[in-house]
Amino acid sequence: MRLVTWNVNSLKARLPRVLELLHEHAPDVVCLQETKVAAATFPHETFAAVGYRAVDRSAGRWNGVALLVRQGLPVADVRPELPGEPDPEEARWLEADVDGIRVASLYVPNGREPGHPMFAVKLRFLEAVRDRAAELAAAGPTVVAGDVNVAPEDRDVWDPAVFVGSTHVTPEERHGLAEVVAGGLRDAYRDVEPDAAGFTWWDYRMGAFRRGMGMRIDLALVSEHLAVRGARVDTTFRRVNQAGDKPSDHAPILVELERRG
DNA sequence: ATGTCACGCTGGGCGTGA
(Lines give C-alpha, C1' and ligand atoms only; values in the text may rest on other atoms or scores of the structure.)
Protein backbone atom coordinates (compact mmCIF):
# COMPACT_ATOMS: atom_id res chain seq x y z
CA MET A 1 0.00 0.00 0.00
CA ARG A 2 1.25 3.43 -0.96
CA LEU A 3 0.04 5.91 1.64
CA VAL A 4 0.41 9.68 1.79
CA THR A 5 -0.31 11.98 4.72
CA TRP A 6 -0.57 15.72 4.12
CA ASN A 7 -1.78 18.78 5.99
CA VAL A 8 -3.05 20.84 3.05
CA ASN A 9 -4.03 24.07 4.87
CA SER A 10 -7.38 24.42 3.06
CA LEU A 11 -8.51 21.83 0.55
CA LYS A 12 -10.18 24.51 -1.55
CA ALA A 13 -6.98 26.54 -1.83
CA ARG A 14 -4.88 23.40 -2.35
CA LEU A 15 -7.10 21.39 -4.71
CA PRO A 16 -4.76 21.83 -7.72
CA ARG A 17 -1.82 20.59 -5.66
CA VAL A 18 -3.77 17.60 -4.29
CA LEU A 19 -4.74 16.61 -7.84
CA GLU A 20 -1.10 17.06 -8.85
CA LEU A 21 -0.06 14.71 -6.05
CA LEU A 22 -2.63 12.05 -7.03
CA HIS A 23 -1.47 12.22 -10.64
CA GLU A 24 2.23 12.16 -9.82
CA HIS A 25 2.33 9.52 -7.08
CA ALA A 26 -0.86 7.47 -7.63
CA PRO A 27 -1.22 6.68 -3.92
CA ASP A 28 -3.65 4.04 -2.70
CA VAL A 29 -4.76 6.22 0.19
CA VAL A 30 -4.20 9.82 1.25
CA CYS A 31 -4.77 11.11 4.78
CA LEU A 32 -5.61 14.81 4.61
CA GLN A 33 -5.66 17.32 7.45
CA GLU A 34 -6.79 20.94 7.75
CA THR A 35 -9.23 20.61 4.90
CA LYS A 36 -11.05 23.71 6.24
CA VAL A 37 -14.13 22.89 4.19
CA ALA A 38 -17.82 22.39 4.99
CA ALA A 39 -19.18 18.88 4.46
CA ALA A 40 -21.69 20.25 1.95
CA THR A 41 -18.97 21.69 -0.29
CA PHE A 42 -16.38 18.90 0.00
CA PRO A 43 -15.24 18.25 -3.62
CA HIS A 44 -16.25 14.57 -3.83
CA GLU A 45 -17.05 14.79 -7.56
CA THR A 46 -13.63 16.25 -8.40
CA PHE A 47 -11.91 13.32 -6.74
CA ALA A 48 -14.31 10.79 -8.27
CA ALA A 49 -13.44 12.15 -11.71
CA VAL A 50 -9.76 11.29 -11.16
CA GLY A 51 -10.40 7.87 -9.66
CA TYR A 52 -10.60 8.50 -5.92
CA ARG A 53 -13.33 8.05 -3.37
CA ALA A 54 -13.27 10.56 -0.51
CA VAL A 55 -14.62 10.18 2.98
CA ASP A 56 -14.53 13.31 5.08
CA ARG A 57 -15.09 14.64 8.54
CA SER A 58 -15.54 18.34 8.03
CA ALA A 59 -16.15 21.27 10.35
CA GLY A 60 -16.37 24.31 8.09
CA ARG A 61 -13.68 26.91 8.25
CA TRP A 62 -11.33 25.19 10.73
CA ASN A 63 -9.67 21.78 11.00
CA GLY A 64 -11.23 18.91 9.10
CA VAL A 65 -9.76 15.55 8.05
CA ALA A 66 -10.41 13.21 5.14
CA LEU A 67 -9.30 10.00 3.43
CA LEU A 68 -8.91 9.68 -0.33
CA VAL A 69 -8.96 6.07 -1.50
CA ARG A 70 -8.12 4.84 -4.98
CA GLN A 71 -11.24 3.45 -6.64
CA GLY A 72 -11.36 -0.34 -6.57
CA LEU A 73 -9.93 -0.63 -3.07
CA PRO A 74 -12.58 -1.69 -0.58
CA VAL A 75 -13.50 0.83 2.14
CA ALA A 76 -15.40 -0.35 5.20
CA ASP A 77 -16.33 0.60 8.75
CA VAL A 78 -15.83 4.36 8.42
CA ARG A 79 -15.76 5.92 11.89
CA PRO A 80 -15.55 9.66 12.41
CA GLU A 81 -15.47 9.45 16.22
CA LEU A 82 -12.48 9.28 18.53
CA PRO A 83 -13.72 8.02 21.90
CA GLY A 84 -12.84 10.52 24.63
CA GLU A 85 -11.84 13.34 22.28
CA PRO A 86 -12.20 16.75 23.97
CA ASP A 87 -14.37 18.42 21.32
CA PRO A 88 -15.98 16.19 18.65
CA GLU A 89 -17.11 19.31 16.75
CA GLU A 90 -13.51 20.04 15.79
CA ALA A 91 -13.23 17.21 13.23
CA ARG A 92 -9.73 16.00 13.99
CA TRP A 93 -9.98 12.21 13.55
CA LEU A 94 -11.38 9.86 10.91
CA GLU A 95 -10.71 6.13 10.48
CA ALA A 96 -11.71 3.43 8.03
CA ASP A 97 -10.69 -0.01 6.81
CA VAL A 98 -8.90 0.43 3.49
CA ASP A 99 -8.17 -2.84 1.74
CA GLY A 100 -8.08 -4.56 5.13
CA ILE A 101 -5.82 -2.02 6.83
CA ARG A 102 -7.19 0.29 9.50
CA VAL A 103 -6.21 3.82 8.45
CA ALA A 104 -6.76 6.91 10.61
CA SER A 105 -6.19 10.54 9.59
CA LEU A 106 -5.57 12.79 12.59
CA TYR A 107 -4.99 16.46 13.28
CA VAL A 108 -3.78 17.09 16.82
CA PRO A 109 -4.64 20.54 18.25
CA ASN A 110 -1.83 23.10 17.96
CA GLY A 111 -2.03 24.00 21.65
CA ARG A 112 -1.38 27.74 21.19
CA GLU A 113 0.96 28.22 24.20
CA PRO A 114 1.86 26.17 27.26
CA GLY A 115 -0.65 27.17 29.93
CA HIS A 116 -3.35 28.12 27.42
CA PRO A 117 -6.61 26.14 27.81
CA MET A 118 -6.00 24.70 24.32
CA PHE A 119 -2.69 23.25 25.53
CA ALA A 120 -4.56 21.09 28.05
CA VAL A 121 -7.00 20.14 25.28
CA LYS A 122 -4.05 19.05 23.14
CA LEU A 123 -2.78 16.75 25.89
CA ARG A 124 -6.27 15.29 26.42
CA PHE A 125 -6.59 14.71 22.69
CA LEU A 126 -3.28 12.82 22.68
CA GLU A 127 -4.59 10.63 25.54
CA ALA A 128 -7.68 9.77 23.49
CA VAL A 129 -5.46 8.93 20.50
CA ARG A 130 -3.26 6.79 22.75
CA ASP A 131 -6.22 4.69 23.91
CA ARG A 132 -7.75 4.23 20.45
CA ALA A 133 -4.42 3.59 18.71
CA ALA A 134 -3.55 0.85 21.22
CA GLU A 135 -6.91 -0.82 20.57
CA LEU A 136 -6.41 -0.69 16.82
CA ALA A 137 -2.80 -1.86 16.89
CA ALA A 138 -3.77 -4.85 19.01
CA ALA A 139 -6.58 -5.75 16.61
CA GLY A 140 -4.77 -5.76 13.26
CA PRO A 141 -2.78 -3.82 10.66
CA THR A 142 -3.07 -0.14 11.51
CA VAL A 143 -1.79 3.20 10.25
CA VAL A 144 -2.36 6.37 12.27
CA ALA A 145 -1.13 9.27 10.18
CA GLY A 146 -1.35 13.02 10.26
CA ASP A 147 -0.26 16.29 11.80
CA VAL A 148 0.61 15.50 15.41
CA ASN A 149 1.80 19.04 16.15
CA VAL A 150 4.65 17.59 18.24
CA ALA A 151 8.29 17.24 17.21
CA PRO A 152 9.23 13.88 18.76
CA GLU A 153 12.88 14.75 19.50
CA ASP A 154 15.23 17.74 19.46
CA ARG A 155 16.66 16.65 16.11
CA ASP A 156 13.17 17.07 14.65
CA VAL A 157 13.40 20.88 14.89
CA TRP A 158 15.81 23.11 12.99
CA ASP A 159 17.12 24.79 16.16
CA PRO A 160 16.07 23.36 19.52
CA ALA A 161 17.31 26.48 21.33
CA VAL A 162 14.72 28.65 19.57
CA PHE A 163 11.84 26.45 20.72
CA VAL A 164 12.60 26.18 24.44
CA GLY A 165 9.35 26.97 26.24
CA SER A 166 7.26 26.80 23.06
CA THR A 167 4.63 24.29 22.08
CA HIS A 168 5.53 21.24 19.95
CA VAL A 169 8.64 20.37 21.99
CA THR A 170 7.59 20.43 25.66
CA PRO A 171 8.15 17.30 27.75
CA GLU A 172 4.38 17.01 28.28
CA GLU A 173 3.62 16.94 24.55
CA ARG A 174 6.48 14.58 23.79
CA HIS A 175 5.33 12.29 26.58
CA GLY A 176 1.80 12.34 25.14
CA LEU A 177 3.08 11.39 21.71
CA ALA A 178 5.46 8.76 23.09
CA GLU A 179 2.52 7.09 24.83
CA VAL A 180 0.67 6.87 21.51
CA VAL A 181 3.68 5.15 19.96
CA ALA A 182 4.15 2.89 22.99
CA GLY A 183 0.74 1.36 22.37
CA GLY A 184 2.15 -0.74 19.55
CA LEU A 185 3.08 1.67 16.76
CA ARG A 186 6.30 2.92 15.26
CA ASP A 187 7.35 5.97 13.28
CA ALA A 188 7.48 4.80 9.65
CA TYR A 189 9.77 7.60 8.49
CA ARG A 190 12.34 7.02 11.25
CA ASP A 191 12.15 3.30 10.54
CA VAL A 192 13.80 3.76 7.15
CA GLU A 193 15.48 7.18 7.58
CA PRO A 194 17.29 7.08 10.94
CA ASP A 195 19.52 10.05 10.14
CA ALA A 196 17.67 12.40 7.77
CA ALA A 197 16.05 15.57 9.14
CA GLY A 198 12.75 14.73 7.46
CA PHE A 199 11.12 18.08 8.19
CA THR A 200 7.49 18.31 7.12
CA TRP A 201 6.57 21.87 8.10
CA TRP A 202 8.14 25.28 7.54
CA ASP A 203 6.62 28.62 8.56
CA TYR A 204 5.38 30.69 5.63
CA ARG A 205 7.26 33.68 7.06
CA MET A 206 10.90 34.68 6.97
CA GLY A 207 11.80 32.41 4.07
CA ALA A 208 11.82 29.51 6.51
CA PHE A 209 11.67 26.80 3.83
CA ARG A 210 14.52 28.25 1.80
CA ARG A 211 16.59 28.56 4.96
CA GLY A 212 15.91 25.05 6.23
CA MET A 213 14.02 26.29 9.29
CA GLY A 214 11.60 23.40 9.60
CA MET A 215 10.12 20.86 11.96
CA ARG A 216 9.09 17.21 11.67
CA ILE A 217 5.57 17.26 13.07
CA ASP A 218 3.68 15.06 10.57
CA LEU A 219 4.02 11.33 11.17
CA ALA A 220 2.80 8.01 9.85
CA LEU A 221 2.65 5.52 12.72
CA VAL A 222 2.30 1.86 11.79
CA SER A 223 1.59 -1.33 13.71
CA GLU A 224 3.82 -4.39 13.81
CA HIS A 225 1.70 -6.07 11.13
CA LEU A 226 3.17 -3.71 8.54
CA ALA A 227 6.68 -3.46 7.11
CA VAL A 228 7.91 -0.09 5.83
CA ARG A 229 9.47 -0.44 2.35
CA GLY A 230 10.14 3.26 1.91
CA ALA A 231 9.30 6.69 3.29
CA ARG A 232 10.09 10.18 2.09
CA VAL A 233 8.94 13.78 2.29
CA ASP A 234 8.15 15.30 -1.11
CA THR A 235 9.38 18.85 -0.61
CA THR A 236 8.49 19.86 -4.18
CA PHE A 237 4.97 20.38 -2.80
CA ARG A 238 6.35 23.03 -0.42
CA ARG A 239 7.17 25.24 -3.43
CA VAL A 240 4.97 27.13 -5.88
CA ASN A 241 4.48 24.90 -8.94
CA GLN A 242 4.90 25.82 -12.62
CA ALA A 243 1.23 26.79 -12.90
CA GLY A 244 1.69 29.22 -10.01
CA ASP A 245 -0.34 27.15 -7.50
CA LYS A 246 0.73 27.93 -3.97
CA PRO A 247 2.02 25.41 -1.45
CA SER A 248 0.71 24.38 1.95
CA ASP A 249 3.09 25.13 4.81
CA HIS A 250 3.35 21.33 5.22
CA ALA A 251 4.88 18.87 2.72
CA PRO A 252 3.36 15.42 2.11
CA ILE A 253 4.99 12.23 3.41
CA LEU A 254 4.94 9.21 1.09
CA VAL A 255 5.09 5.78 2.71
CA GLU A 256 5.27 2.36 1.07
CA LEU A 257 3.85 -0.36 3.31
CA GLU A 258 3.58 -4.11 3.01
CA ARG A 259 1.70 -6.60 5.12
CA ARG A 260 4.00 -8.91 7.05
CA GLY A 261 3.83 -12.67 6.97
C1' DA B 1 12.56 34.42 15.75
C1' DT B 2 8.24 36.35 12.58
C1' DG B 3 9.56 38.93 6.52
C1' DT B 4 2.71 34.64 5.48
C1' DC B 5 -1.43 32.41 4.27
C1' DA B 6 -6.43 31.33 4.35
C1' DC B 7 -10.75 31.92 6.28
C1' DG B 8 -15.51 34.52 7.05
C1' DC B 9 -17.73 38.70 6.77
C1' DT B 10 -18.63 41.70 3.15
C1' DG B 11 -17.67 44.40 -0.55
C1' DG B 12 -11.69 46.07 1.56
C1' DG B 13 -9.68 45.54 5.43
C1' DC B 14 -10.01 43.28 9.91
C1' DG B 15 -9.99 39.53 13.32
C1' DT B 16 -8.77 34.70 13.97
C1' DG B 17 -5.88 30.72 13.79
C1' DA B 18 -1.80 28.41 12.56
Side-chain angles (χ1 to χ4, degrees), chain A residues 5-21 31-43 46 56-66 85-93 105-126 146-151 154-170 173 176-177 197 199-219 233 235-241 243-253:
Chain A
T5 182
W6 193 12
N7 178 324
V8 292
N9 184 20
S10 169
L11 184 56
K12 186 181 173 200
R14 218 63 60 209
L15 195 52
R17 304 307 301 269
V18 177
L19 296 173
E20 179 187 354
L21 178 127
C31 301
L32 297 176
Q33 301 89 36
E34 279 206 90
T35 51
K36 294 184 172 177
V37 68
T41 54
F42 193 99
T46 307
D56 69 302
R57 184 177 177 192
S58 300
R61 73 181 295 199
W62 303 122
N63 314 315
V65 290
E85 64 189 320
D87 183 358
E89 299 304 307
E90 290 204 329
R92 294 177 178 277
W93 175 273
S105 178
L106 91 159
Y107 177 44
V108 174
N110 170 290
R112 310 270 179 94
E113 297 295 333
H116 191 282
M118 279 302 289
F119 189 80
V121 167
K122 180 178 193 174
L123 298 179
R124 283 170 50 210
F125 186 91
L126 283 168
D147 178 355
V148 300
N149 266 318
V150 179
D154 274 356
R155 62 175 168 157
D156 296 315
V157 302
W158 65 276
D159 182 358
V162 168
F163 290 92
V164 171
S166 308
T167 57
H168 296 62
V169 302
T170 65
E173 291 164 276
L177 178 61
F199 295 157
T200 62
W201 174 86
W202 301 260
D203 201 302
Y204 280 123
R205 296 167 290 186
M206 293 194 60
F209 179 68
R210 176 173 48 79
R211 294 157 68 183
M213 299 157 72
M215 302 179 85
R216 195 173 75 91
I217 56 175
D218 301 85
L219 304 180
V233 181
T235 53
T236 62
F237 286 90
R238 186 57 183 78
R239 299 185 179 93
V240 177
N241 68 6
D245 300 311
K246 292 181 186 176
S248 171
D249 47 355
H250 296 250
I253 309 168

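The chains referred to below are lettered A, B, ... by the order of the sequence lines, with proteins before strands, and numbering in each begins at 1. Every heavy atom of this structure was used, including side-chain atoms; hydrogens, water molecules and symmetry mates were not.
Judged by atom type and distance alone, R211(A) reaches the base of dG3(B) through a side-chain donor-acceptor pair under 3.5 Å.
Of the possible donor and acceptor atoms, none in the side chain of R112(A) sits under 3.5 Å from a partner among the backbone N and O of P117(A). For the pair K122(A) (side chain) and N149(A) (backbone), a donor-acceptor distance under 3.5 Å is present. Between the W62(A) side chain and the E90(A) main chain, no donor and acceptor come within less than 3.5 Å of each other. Formation of a donor-acceptor pair under 3.5 Å by the R238(A) side chain with backbone atoms of H250(A) is not found in this model.
Comparing the same atom, C1', in dT2(B) and in dG17(B) gives a spacing of 15 Å after rounding to whole Å. Nucleotides dG15(B) and dG11(B) place their P atoms 15 Å apart, quoted to the nearest Å.
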Show me the protein contacts with nucleotides 14-18 of chain B, counting only N or O atoms at under 3.5 Å.
{"from": "dG15(B)", "atom 1": "N2", "to": "R61(A)", "atom 2": "NH2", "distance (Å)": "2.9"}
{"from": "dA18(B)", "atom 1": "OP2", "to": "R112(A)", "atom 2": "NE", "distance (Å)": "2.6"}

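In this structure, F209(A) atom CZ and dC5(B) atom P are separated by 14 Å, rounded to whole Å. Summarising the geometry, the separation between CG on D159(A) and C1' on dT2(B) is reported as 15 Å, rounded to the nearest angstrom. Protein atom CD of E113(A) is 13 Å distant from nucleotide atom P of dT2(B), rounded to whole Å. The NZ-P distance, from K12(A) to dC5(B), rounds to 17 Å in whole Å. Taking atom CH2 of W202(A) as the reference point, atom C1' of dG3(B) lies 19 Å away to the nearest angstrom. Per the geometry, CZ belonging to R238(A) stands 10 Å off C1' belonging to dC5(B), to the nearest Å.
Two residues, W158(A) and P247(A), neighbour DNA chain B, and the one matched to the more 5' nucleotide by heavy-atom proximity is W158(A).
Residues T35(A) and Y107(A) are not in side-chain contact: their nearest non-hydrogen atoms beyond the backbone lie 4.5 Å or more apart.
Atom CZ of R155(A) is separated from atom CZ of R216(A) by 7.0 Å, given to the nearest 0.5 angstrom.
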